Each structure stands twice: as structure tokens, then as C-alpha cells.
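Quick caveat, the model's predicted, so the values are computed rather than measured.
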Amino acid sequence: MSEFQPKFESLVQVFNASVEQYADRPLFGVKRDDEWQWMTFQEWGDKVRRLRTALQNLGVEAGDRVAVIANNSPAWAIGAYASYGLGAAYVAMYESQLDKDWKHILNDCGAKVLFVANEEIARRVKSFRTELPDLKEVVVIEGTPTGGDHAFDDLLNAEPSDLVDPGPDAIADFIYTSGTTGNPKGVRLTHRNLAYNVSAIHAVFPLEPDDRSLCFLPWAHSFGQTVELHGMLSMGASMGLAEAVDKIIVNLAEVRPTIFASVPRVFNRIYDGLHARMNEEGGLKKKLFYAAIDTAEKRKKLAAEGKSSGWLDFKFNILDGLVFSKVRDRFGGRLKYAFSGGAAISKEVAEFIDNLGITVYEGYGLSETSPIATMNYPGARKIGSVGKPIPGVEIEIDIAATEDPKQGEIVIYGHNIMEGYHNLQKANDEVLVEKGGVRGFRSGDMGLIDDEGFLFITGRVKEQYKLLNGKYVVPTPLEEKIKLSPYISNAMVYGMNREYNTAIVVPDYEVLKGWAVERGLDPDPAALANNDQVRALIEEEVNRLSAEFKGYEKLRKIYVAEEDFTTENGMLTPTLKLKRRIVQKRYQDAIESLYA
């Protein structure tokens, strides 16, 4: 394991250093009345100190829990750092979660104070408040509170006071896992876990104060919280808060970030959207677009061999000005880096974004690892991999877990490993291990390490299944490949204990609308899902993209679904991971029909 000297021992140290060093620089940008308004480090820091006093007046002490149900906002971050400064843990939830999830989390963590985004969420919480014996106070961030609740802005009238550093061993966060099976589990992360993770970013990928991101990833998830909120804050960089998922492209052009951190699903959308647009426009634009991609790939291949071509360089510079620069302008014109995490990004998509002139850096980790365990960084980058272990972390591959000689379960050791799941000793015993006095975590992910030390993710151990012929199938990489089609939004591959693989495939009905109208078809999703021409198109796309699958991996039959997988219908987690159990239950009859 590499020697590692952390820059920060706690998030309170991150706060104090950043607010002092970058006081007058912009920190958070929020769009209000069609205009971006920016809050400085000093302004934000003053509000943190005031809220810390107010929370103390409400009875919050070291070891307590302060919870929040809200999307990203300056208030979210003020609440987090005010809690850290009291030695209290911050427990974040998503606005999109169900009431039963909120109730489970609030009861499980024993939150004393709860911040809610608005009056509507406050009303929903009140419907089960009598079942929350530990909850003493509710604070409404936007709107007028009722029934004894507090207004967030009123709490900011308290006299500011300095934060007290609780030390590296204090619990900073409860990050509740997405709950693809059963209730969410509370991951307890210490100040050391998070501050050392931030310190590791400083060691391998330092940013400049002039860097800026467009925050789309929820801070309630460990990836967005550590990489953007804590990481960008610690380097004096600024964050524009995206209005909504469907406003990302518009907001990119307005905020003009240098960094965009996201999950593969969003990068897939960019990939699919650009290809669909070029295919629709056709003509010279399409030819130039694909000529630019081809030229970029040839240059990259030569560079990998230590070679170059003056002609290719000249051709690329021309095409970059004609094609790729126009694409980058749509993203604000300053975008340098794209960080991908949360799941493995398709190599094709990563190379495509890279060819646009936006360098892709993929990393890997879980909530239980704070989250970063490995990452690509300048001087150590290989597209398709999730990089090398960050300083102070070691990766081992347990071959015995998969019955596969080439890949195994990823086991992570280091400073980033959680203290454990809250109130779940049996679950802790199943995943926490130790080696030489260093805590480790059995990830449940499958992977392999190449000769240069780069880690490759190949799937989930529990998602791996066996066909009747005895062959093992890992569905996730197959699904990601299928979703590269601009006509396909989602897919779930299935075949456990069956003779062959099938899939539930959800078309991208927004893209299909234009295609359908051109052919005189009813563009309604219900009509398209049952249309023979649509079925033929989707089957053709699936066959095209699965051409390189092994024989036993190929999909014999597919079912074209009308309803997409979303967080609202419970088929995706808030972090956009597939809930296979829910999808299988929803489409059980359709799956059986594919084997009839």
C-alpha cells in the first residue's frame, strides 16, 4: 500500500482552510429569474457559522444526527458543514424518494433535526411524524413553515460562532445505499474517510481556483458529495448548480464549466443525442462529423504506438475547428475534463467524449469507500479502465468468489473504508475484512487488474447468473452496449437458469417520435411499443450492437416495453442503478412469454 500523507484530517479543516484562503472567490451559483447569482466562500462560511449556533440552540450536540430531504443547494451545504462543526453527522435523502424510505431512514439514524426543501415535503413528513420519536425539530428551507416548524432563513439570524473540529474519528455522514434490494443501509463515514479521500484527489488531480463545475450529481450520493462538494470546495473552485436534468445542456452553455462530473447514463445521452442529430441532418454535416471521429481515432492509435502523422494532425485541426469546437461550444466552450463514476462507462462512449477534445477520467468506488477507491489521473490514464488505486488504498482480486480464473471480486483496503453499516452487524460481518491491521471491504463487484495495474470492472458478483448450459453471464456490460443505440433508452438482460438470454428493451420514445412521423405512424409510446416496424428497428439495433457478444451471451428474443425504467416507478435507484428485482416483477409475464 502506498505511503500517504493527508492534507486534511477532517472536513472542518477543509472548511476553515478554504473559507480563509478563497474568501472573495465565487463558490455556489444558482439560477434565479433567468440570471446566475453567485455566493462567495466568505458569504457561505458566515452562514455556516450562524447556522451552527442556531443548531446548537436547538439542542444539537456531538454524536447527534441532522438530516436533510432536499436537492443540491447552498442551504444543503450550509446545513452539512454546520453539522460537521458540532460533531453531528449529516444524513442526506433525496426529494425523489418515497415517504416509506424517508421514514425508515429517519427512524434508523435517529435524526434530531430535519431540513426539508419545501412546504410540500414538510407536509408529507408530518403525516408520519408521530412515528419518529427522536425527531425534535423540522426546518423548511424554501417557503413558510407551519405548526411549530422553523424557517431556514430565520436560523441564519443567530450570531456566528467558530466551528469546533470534532477530529478524524467522528462520524461525518450517514450515506444510505440505494437499496436495490430491501431497505437502504446506513453507511457510516468518518471525517477521516472523507477528508483523506479529498486529500488523495489533491495528491493526484489538483484543480485550480478558476476551475468550475456544473453540479448535476446529487450530494446525497457519495460520488457527487466527495468529488464536487468537498473536493471542489477544498481547491477554491466554483460550482454552478444545475436547474434540472433536462436543463443540463442549457446550463452547461451558461455556466461554462471546465469540469463535468456525471454518471454513464448522462454521457450515453450525449453520445446518443449527437449521433441521432447527425444522422437526421445527413449530408455534409454528417460526413464531416464522422470524418472527424475517424481522424481522431487514427491519431490516438498512432499515439499509443509512439508515432504521429503530420497529415493526420493537419486534417484533425481543420475538422476540430469545423466540427468538434462547435460541440464544445454547446457545452460552454471551456470544458476540459469529464469525470465519470457511479458505474462503468462504455469504452465507446468514453473514447467518443475524449475525441471531442474533452479528456475523460473514469474512477471507481462505492458509498462504503467514501467513495473513491481507484481513478484515472494525469500520467496514469487508460480508457476502459477505472484507473489505479488512489494514494493509501490497495486493491485485491478474490478469484474464488466468481469461479472464473481471469476475474474475481474486488476487495478494497485503506483509509477510505467505512466504519460500518448502522445497526447492521450481520451485514458488516459479511463485507468488512482486515489485513495487517488495515480495514478492507468486499465490494461485490467483479473485476480484473492488468499488467500495468489498471483496474477493469466486469460486473456484479450477485448479478452474474448461469444459463442451463453452465455458462456464466454478466448482464451489465451487455446492457450498456445495447444502450449505445440512439433508439434505445434502457435494457435489462435476463437468462438465469434458462436456455438462452432475453431482454426487456425500452425504446427512446423522444427520438422515435421523428422516425415515426416520417413513416406515418402514431408517435404515442403505447402504439409504437406494439408496432411491427418499431420492433424490427429495435431488433436490428440490438443485433448490430451485440455482434461481438459471445455465442451464449447473445439475445435470442426481446420484449419492447412501453414504460421506461425510472426512479418514479421504482425501477431505478436515485443514483440511476437498475433495480432488477423490481423490473423482473413488473415484466414477469413478458419474460415468460419470451421463453414460451
Side-chain angles (χ1 to χ4, degrees), residues 1-11 13-14 17-18 21-22 168 189 191-213 217 222-237 239 257-263 335-342 344-345 350 353-354 358-396 410 412-417 438 440-441 443 447 449-457:
M1 192 175 300
S2 60
E3 290 294 324
F4 177 53
Q5 295 296 322
K7 184 174 183 178
F8 305 106
E9 293 281 344
S10 73
L11 292 176
Q13 288 185 12
V14 170
S18 299
Q21 186 174 355
Y22 308 111
L189 299 177
H191 279 263
R192 176 184 286 106
N193 290 150
L194 295 164
Y196 279 35
N197 220 258
V198 169
S199 297
I201 301 174
H202 278 254
V204 297
F205 209 127
L207 300 175
E208 300 294 330
D210 286 335
D211 279 313
R212 174 170 292 176
S213 72
L217 296 174
S222 55
F223 179 32
Q225 187 181 140
T226 298
V227 173
E228 288 196 288
L229 177 58
H230 305 318
M232 300 285 284
L233 171 73
S234 72
M235 298 185 193
M239 293 163 263
T258 59
I259 294 160
F260 184 54
S262 189
V263 291
L335 203 54
K336 298 183 295 184
Y337 309 128
F339 297 146
S340 181
I345 189 173
I353 301 294
D354 212 61
I358 303 166
T359 309
V360 176
Y361 291 98
E362 187 175 3
Y364 164 73
L366 309 95
S367 296
E368 292 88 343
T369 63
S370 308
I372 308 171
T374 69
M375 63 185 293
N376 283 280
Y377 50 86
R381 189 175 79 110
K382 183 178 287 189
I383 288 182
S385 81
V386 292
K388 295 182 176 183
I390 60 173
V393 170
E394 182 180 327
I395 302 291
E396 288 186 353
I410 299 167
I412 304 157
Y413 295 90
H415 53 71
N416 56 343
I417 305 304
V438 178
F441 175 73
S443 69
I449 298 175
D450 71 5
D451 294 339
E452 297 178 86
F454 287 92
L455 177 66
F456 291 78
I457 307 299

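- Residues His230 and Gln225 bring a donor and an acceptor atom of their side chains to less than 3.5 Å of each other.
- A distance of 12.0 Å separates CD1 in Ile410 from CD in Glu396, rounded to the nearest 0.5 Å.
- Between the side chain of Ser18 and the backbone N or O of Val14 there is at least one donor-acceptor pair closer than 3.5 Å.
- Aromatic pair Phe339/Phe223: ring centres not closer than 6.0 Å.
- Of the possible polar contacts, none joining the Lys382 side chain to the Asn376 backbone as a donor-acceptor pair under 3.5 Å is found.
- Rounding to the nearest 0.5 Å gives a distance of 12.0 Å between NZ of Lys388 and CG of Leu455.
- Using a 4.5 Å cut-off on side-chain heavy atoms (C-beta onward), Tyr361 and Tyr337 make contact.
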Test side-chain contact (heavy atoms from CB on, under 4.5 Å) applied to Tyr364 and Ile457, step by step: CA-CA 9 Å; Tyr364 164 73; Ile457 307 299; 3.7 Å; yes
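- Taking the side chain as every heavy atom from C-beta outward, Val204 and Met375 approach each other to under 4.5 Å.
- For Asp354 and Arg381, the salt-bridge test passes: some basic side-chain N is under 4.0 Å from an acidic carboxylate O.
- Considering only heavy atoms from C-beta on, Tyr413 stays 4.5 Å or farther from Val393 through its side chain.
- Here the shortest heavy-atom pairing between Val198 and Ser234 reads CG1-OG, 3.4 Å.
- Asn193 places a side-chain N or O within donor-acceptor distance of the main-chain N or O of His415, the cut-off being under 3.5 Å.
- Under the 3.5 Å distance criterion, with hydrogens and angles disregarded, a donor-acceptor pair is assigned to the side chains of Glu228 and Ser213.
- For Tyr196 and Phe8, the ring centers are positioned 6.0 Å apart or more.
- Side-chain contact between Ser340 and Val263 is absent, with no heavy atoms from C-beta onward closer than 4.5 Å.
- Put simply, CG on Leu194 and OG on Ser10 are 10.5 Å apart, with the number rounded to the nearest 0.5 Å.
- Looking only at side-chain heavy atoms (C-beta outward), Thr374 and Ile390 stay at 4.5 Å or farther from each other.
- Expressed to the nearest 0.5 Å, how far NE2 of His202 lies from NZ of Lys7 amounts to 5.0 Å.
- Residue Pro391 comes nearest to Phe4 through the heavy atom pair CB-CD1, 3.5 Å, listed as atom of the first residue, atom of the second, then distance.
- Between the side chains of Asp211 and Thr258, at least one donor N or O lies within less than 3.5 Å of an accepting N or O.
- Taking all atoms of both residues into account, the shortest heavy-atom contact from Pro209 to Tyr22 is CG-CE2, 3.8 Å.
- Rounding to the nearest 0.5 angstrom, the gap separating the CD atom in Glu368 from the CG atom in Leu189 is 8.5 Å.
- Side-chain contact between Phe454 and Ile449: absent, with no pair of heavy atoms (C-beta onward) separated by less than 4.5 Å.
- Counting only heavy atoms from C-beta outward, the side chains of Phe441 and Thr369 approach each other to under 4.5 Å.
- In plain terms, the two heavy atoms of Gly414 and Val438 that are nearest each other are N-CG1, 3.6 Å.
- Of all heavy-atom pairs spanning Ile412 and Ser443, the tightest one is CD1-CB, 4.3 Å.
- With rounding to the nearest 0.5 Å, the separation of OG in Ser199 from CD in Gln5 is 10.5 Å.
- Side-chain atoms of Asn197 and Pro371, non-hydrogen and from C-beta on, do get closer than 4.5 Å to each other.
- The minimum heavy-atom distance between Met235 and Leu207, with the atom names listed, is SD-N, 3.0 Å.
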What do the steps show when you test Met232 against Val227 for side-chain contact (heavy atoms from CB on, under 4.5 Å), and what is the final call? CA-CA 7 Å; Met232 300 285 284; Val227 173; over 6 Å; no
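- Sequence neighbours left out, the pairs with a member in residues 191-203 that pass salt bridge (Lys or Arg N to Asp or Glu O under 4.0 Å) are Asp169-Arg192.
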